[in-house]
2 protein chains.
Amino acid sequence: MAGDEPVSIWLRPERQERSGPGRRPGFSREQITRTAVQIADTGGVDAATMRRIAYELGTGAMSLYRYVPRRDDLYDLMIDLAMSEIELPAGPSGDWRSDLTLLAGQIRAAGLRHPWLVALLTSRPNLGPHLLRVHEFGLSALDGLGLDIDDMTGLVGILGDYVHSAIRREISWLEEAGRSGLDPERWKRDYIGPYVRQVVESGAFPLFSRTMLDSRTAHLTPGERFGHGLDRVLDAIAALITSSRSSRSQEG
Amino acid sequence: MAGDEPVSIWLRPERQERSGPGRRPGFSREQITRTAVQIADTGGVDAATMRRIAYELGTGAMSLYRYVPRRDDLYDLMIDLAMSEIELPAGPSGDWRSDLTLLAGQIRAAGLRHPWLVALLTSRPNLGPHLLRVHEFGLSALDGLGLDIDDMTGLVGILGDYVHSAIRREISWLEEAGRSGLDPERWKRDYIGPYVRQVVESGAFPLFSRTMLDSRTAHLTPGERFGHGLDRVLDAIAALITSSRSSRSQEG
DNA sequence: TTCATTTGCGTACATGGTACCTGAAAGGCT
DNA sequence: AGCCTTTCAGGTACCATGTACGCAAATGAA
């Protein structure tokens, strides 16, 4: 009765308010999702088990299955709830660069608030309404610049790839450190340090070693590093906009 | 005795060949890793359980822990084994663009041969020797072009972000479909189709809808699509190389 | 009231990682 | 040879997890 048909969660509306017979629901999808998000925020996504969520709601694990078909669907709902927090203007400002900077910053903020978000987002296909909304804003920022829809989708994709990967890089060390129970600084020194030192001293990877030794970005805050990389990507997008436009004007 | 100290697997060498007393090992890390890879290739990474791997080797699950401290470490070993299959020339050719194209193609091939590879690779920090080797080749392709090490690392990063994300996009639909037991085409039609159709018909996301309806890349093979996106990224890298170079020559 | 319907949720099972422990090899020493 | 020390093999067991099943309680309609 639970997950018999593999139908997208977005096409499985919650039981509606109807006025027939039967017991009234005591919970809701949103309430369950919100609880799951809260647990995952503080204890990691693995802590948000069905039992734990139910316990937090003061009920039994199996009650949740009246609202959510499968655990995986709950993941989709969590993603969508987190994406719903992203605040964007109603339409693009006309300055695509600042629009995309804003967009990237909002996604990063959501990714840091919910350290599990990007990992889930990139580990499964997701087309939740709020992801679509965010994606649409990215496309709209590039609309009207003379690009065709495939170019626009491609550029938003490159931006998304960077943003997701950068956030993951920013988070994954913290996560991994947390799993060992140590604080990140100490973990980096004791766990990663010795290995990297050995790699550098082996001399086998000279350019990688230069990254480790000569980097001038090591002292930057994570946020500054994110911004640097983002600027690089936006420069690339700018270059592609002009080249794509000129090649199209040659064609037409 | 198993995973007491959280020390990188790369610093925990396998029990050496020594000539003291004691029973001889019947297996090896590599043998176990190879078996795990084989299972994951055909049945997905979730099928490669400790019990299943042990069964395939004709032994008990607990025997594996003589060779691998934790399951997570086995993931790292699997990643490294898959990366070891990537064949690269000894050094860069002097044509950075063809070098990076070769590199991307090799990674894509490995990612398709081992559908679990990219998911694991991007879900946890990994610094295995073969990943370092591949990374080093990417850096070497950009060496000597007048970029500093941070720029080089940044550009290889952008390339990697695209390659990983593109491979994941290419695979994740297949994976998701496989989980339902349906063939991908049917799954896409029955599972995704109705939802996308509803989204398009709602009119709420006009640009996303144009991607779905007007896309001129829909008929391309996955490989061609990958190549298109890659070219775009390489164009962007080319643009950044010239801009980075010119800004540096202004400074000095 | 009686009944159909829907929710709440305890119980139970399959599957996973892995700690612990006992016994079996395998070489060195006397 | 016989014994000792070291190492490997792997059974048993424990705990956590997703979730199928079934029944009791609630609720409105007839």
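Quick caveat: nothing in here was measured; it's all calculated off a predicted structure.
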What pairs of nitrogen or oxygen atoms, one from the protein and one from nucleotides 13-16 of chain C, lie under 3.5 Å apart?
| from | atom 1 | to | atom 2 | distance (Å) |
| --- | --- | --- | --- | --- |
| C/dG16 | N7 | B/R51 | NH2 | 3.1 |

query: How long is the line joining CG of B/L64 and C1' of C/dA19, in whole Å?
result: 15 Å
message: Are there over 12 heavy-atom neighbours, none belonging to A/E56, within less than 6.0 Å of that residue's CD?
response: yes
- prompt: Rounded to whole angstrom units, what separation is found between the OH atom of B/Y67 and the P atom of C/dT18?
  reply: 18 Å
message: Quiz question: going by heavy-atom distance under 3.5 Å, is there a donor-acceptor pair between the base of C/dT6 and the side chain of A/R23?
response: no
- request: Round to the nearest Å and state the distance from A/Y55 atom OH to C/dG10 atom P.
  value: 13 Å
- prompt: Of all the choices, C/dT18, D/dT19, C/dG8, which nucleotide is nearest to the side chain of A/S63 once you look at every atom?
  reply: C/dG8
- prompt: Can you check the A/I53 CD1 to D/dA16 P distance for me, whole Å?
  reply: 17 Å
message: Within the 3.5 Å criterion, strictly below it, is a donor on A/D41 or A/W116 matched to an acceptor on the partner's side chain?
response: yes
- request: Evaluate the ring planes of A/H135 and B/F208, with Trp represented by its six-membered ring, and classify them as parallel (under 30°), tilted (30 to 60°) or perpendicular (over 60°).
  value: perpendicular
Closest non-hydrogen atom pair, A/L88 against A/Q106: CD2-CG, 4.4 Å
Separation of atom CG in B/L74 from atom P in C/dG17, rounded to whole Å: 10 Å
- request: Please work out which of the three classes, parallel, tilted or perpendicular, describes the rings of B/F226 and B/Y162, given edges at 30° and 60°.
  value: tilted
Flag if over 12 foreign heavy atoms under 6.0 Å of CD, B/Q38: no
field: Minimum-distance nucleotide to B/Y65 side chain [options: D/dC8, D/dG22, C/dG17]
entry: C/dG17
message: If you only use heavy atoms from C-beta on, which nucleotide in C/dC20, D/dT27, D/dA9 is closest to the side chain of B/M62?
response: C/dC20
